[in-house]
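Read through the structure below, which is laid out as structure tokens, and then see the notes.
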Number of protein chains: 2
Amino acid sequence: MEKDELSEFLSKARSARYPKDSQIFGQGEKAEAFFLLLDGHIRVLRITPDGEQIIARYISSGELFGIAQAIGRDTYPANAIAAVDCVTLSWPGKLWHETVEKYPTFATNTNKVIGGRLQETQDRLLELATERVEQRVASALLKLANQAGKKTEDGILIDFPISRQDISEMTGTTLHTVSRLLSSWEHDGLVKSSRKKITVIEGHRLLLLANGMQDKDR
Amino acid sequence: MEKDELSEFLSKARSARYPKDSQIFGQGEKAEAFFLLLDGHIRVLRITPDGEQIIARYISSGELFGIAQAIGRDTYPANAIAAVDCVTLSWPGKLWHETVEKYPTFATNTNKVIGGRLQETQDRLLELATERVEQRVASALLKLANQAGKKTEDGILIDFPISRQDISEMTGTTLHTVSRLLSSWEHDGLVKSSRKKITVIEGHRLLLLANGMQDKDR
DNA sequence: CGAAGCCTTGATGCGCCTCAACGTACGTGG
DNA sequence: CCACGTACGTTGAGGCGCATCAAGGCTTCG
């Protein structure tokens, strides 16, 4: 897409602000628009008929989301909730098809985005099926630190509020087990955490845990 | 794509036969080609560094697979193994990009294919995280019967050889647990099975199990 | 006809969920 | 700004679902 084409495309966008904990769209709702996250972090949830939920992924700024049109759906497949105050751009759904027609690279690029998410999801499936809770939680922390980490004097802080419950919903376990793990890791100096805040201190040792190695410094 | 364009595209394909249990491509190999399954069934495996594996999906005839190029990868993300004797068409990888450029619908269609697989994978993730083994195995059988079922006088036969081990690798459990479940279901008349062969007899009762309901006919 | 691969079934144990109770930080309204 | 309520976190006790270990039977194929 050329510069002026891009700016024309951008000019059709609507900007919006979502306060922390507000819902941007809901699972099953008619997909009226697709989004680009300008600032903030978004939690993508999938819910079972009987109310249990898991966190499918976190969206960071710069990512497209809610692109139901791209995969030929007319409803959103998940909930999107602002994890912090967020700023988005959005376009009406029908503009997707027009844009794809005009700029074929748009479609091929989307392939890569969706393909990447497919990969990621399959990796998690493999993890969930073959690894123990401790490894999965360690992996999740590392991934979060990687995706949304902020360097501090203590270590790498995950830069949005995240509860034990959230982590349990990312890893298929309970908040109790997560709490116990974090307590034990904090005791051993691997992480530091307080209410809705987690800092990774010794990433390399966490990585050993994630890979199922014994931590000999224990 | 128009008729003569399609036939030109098809004329560039190479046809191949893969005997049962042979490998079509391997995880991590350079992706030289992409494939269309004309006849047969293919098992797609993902393997962990330490040798454990899960079945990501089964491909049925008519489906594209091994489309690493589409998602911007240059290696295959999984193993593809012929579950029965298979016939495929394949095209050199670089033809993907040319084709996409020439026929933009190709890219948008691929979006739908990949999007559908993403959905499916996320559904399985949700299942694996929230449901018990019994429910997952019941779901897997129903899905298989749906995707590759053949009506027989007894019920719906899954139309390719599939072992207890295979089912366990689809559902994140062990062959022992699967064996026990199938035995008990056979005893109750829900299924009928022998070596590498499974027939679903009472789908509706299996569905109840898959949804976590009590089976009151037990 | 033997050997390998697949399936079955029991016994045992443990990883993690569940249930329960209490401590602690946060923010909201008086 | 303090008091209170609510949401979040911690920690223990107990139990169960399912993996693991073990041993033997059956089917298929060379």
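Proteins come first, then strands; the chains are lettered A, B, ... in the order of their sequence lines, and each starts at number 1.
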Considering all heavy atoms of both residues, which atom of B:Pro161 and which atom of B:Asp166 are nearest to each other, and what is their separation? O-OD2, 4.3 Å
Taking all heavy atoms of B:Leu89 and all of B:Leu10, pick out the closest pair and write down the distance. CD1-CD2, 4.1 Å
Phosphate contact (D:dT11 OP1 or OP2) by A:Ser183 side-chain N/O below 4.0 Å: yes
OP1, OP2 of C:dG5 versus side-chain N and O of B:Ser163: anything below 4.0 Å? no
Rounding to a whole Å, what distance do you find between [X]:[atom1] and [N]:[atom2]?
X: A:Lys20; N: C:dG27; atom1: NZ; atom2: P; result: 7 Å
X: A:Arg164; N: D:dT10; atom1: CZ; atom2: C1'; result: 9 Å
X: B:Asp21; N: C:dG5; atom1: CG; atom2: P; result: 12 Å
X: B:Glu186; N: C:dT8; atom1: CD; atom2: P; result: 8 Å
X: A:Leu182; N: D:dT10; atom1: CG; atom2: C1'; result: 11 Å
X: A:Lys196; N: D:dG9; atom1: NZ; atom2: P; result: 7 Å
X: B:Ile167; N: C:dC6; atom1: CD1; atom2: C1'; result: 14 Å

Looking at CD of B:Glu134 and CH2 of B:Trp185, how far apart are the two atoms once the value is rounded to the nearest 0.5 Å? 6.0 Å
Please tell me whether A:Gln119 and B:Arg46 have a donor and an acceptor in their side chains that are separated by less than 3.5 angstrom. yes
Side-chain touch B:Leu181/B:Val133, heavy atoms, less than 4.5 angstrom: yes
Per nearest nucleotide of DNA chain D, the residue lying toward the 5' end, A:Arg195 or A:Val178, is A:Arg195
Would you mind checking if A:Glu63 and A:Arg57 are paired as a salt bridge, meaning a charged N to carboxylate O distance below 4.0 Å? yes
In chain order, what residues pass the salt bridge (charged side-chain N to carboxylate O under 4.0 Å, His left out) check against A:Arg164, with sequence neighbours excluded? none
Polar side-chain contact A:His176-C:dT18 base: donor and acceptor under 3.5 Å: no
Nucleotide N/O of nucleotides 14-17 of chain C paired with protein N/O under 3.5 Å:
from: C:dC16; atom 1: OP1; to: A:Val133; atom 2: N; distance (Å): 3.0
from: C:dC17; atom 1: OP1; to: A:Thr173; atom 2: OG1; distance (Å): 2.9
from: C:dC17; atom 1: OP2; to: A:Thr173; atom 2: OG1; distance (Å): 2.8
from: C:dC17; atom 1: OP2; to: A:Thr174; atom 2: OG1; distance (Å): 3.3
from: C:dC17; atom 1: OP2; to: A:Thr177; atom 2: OG1; distance (Å): 2.4

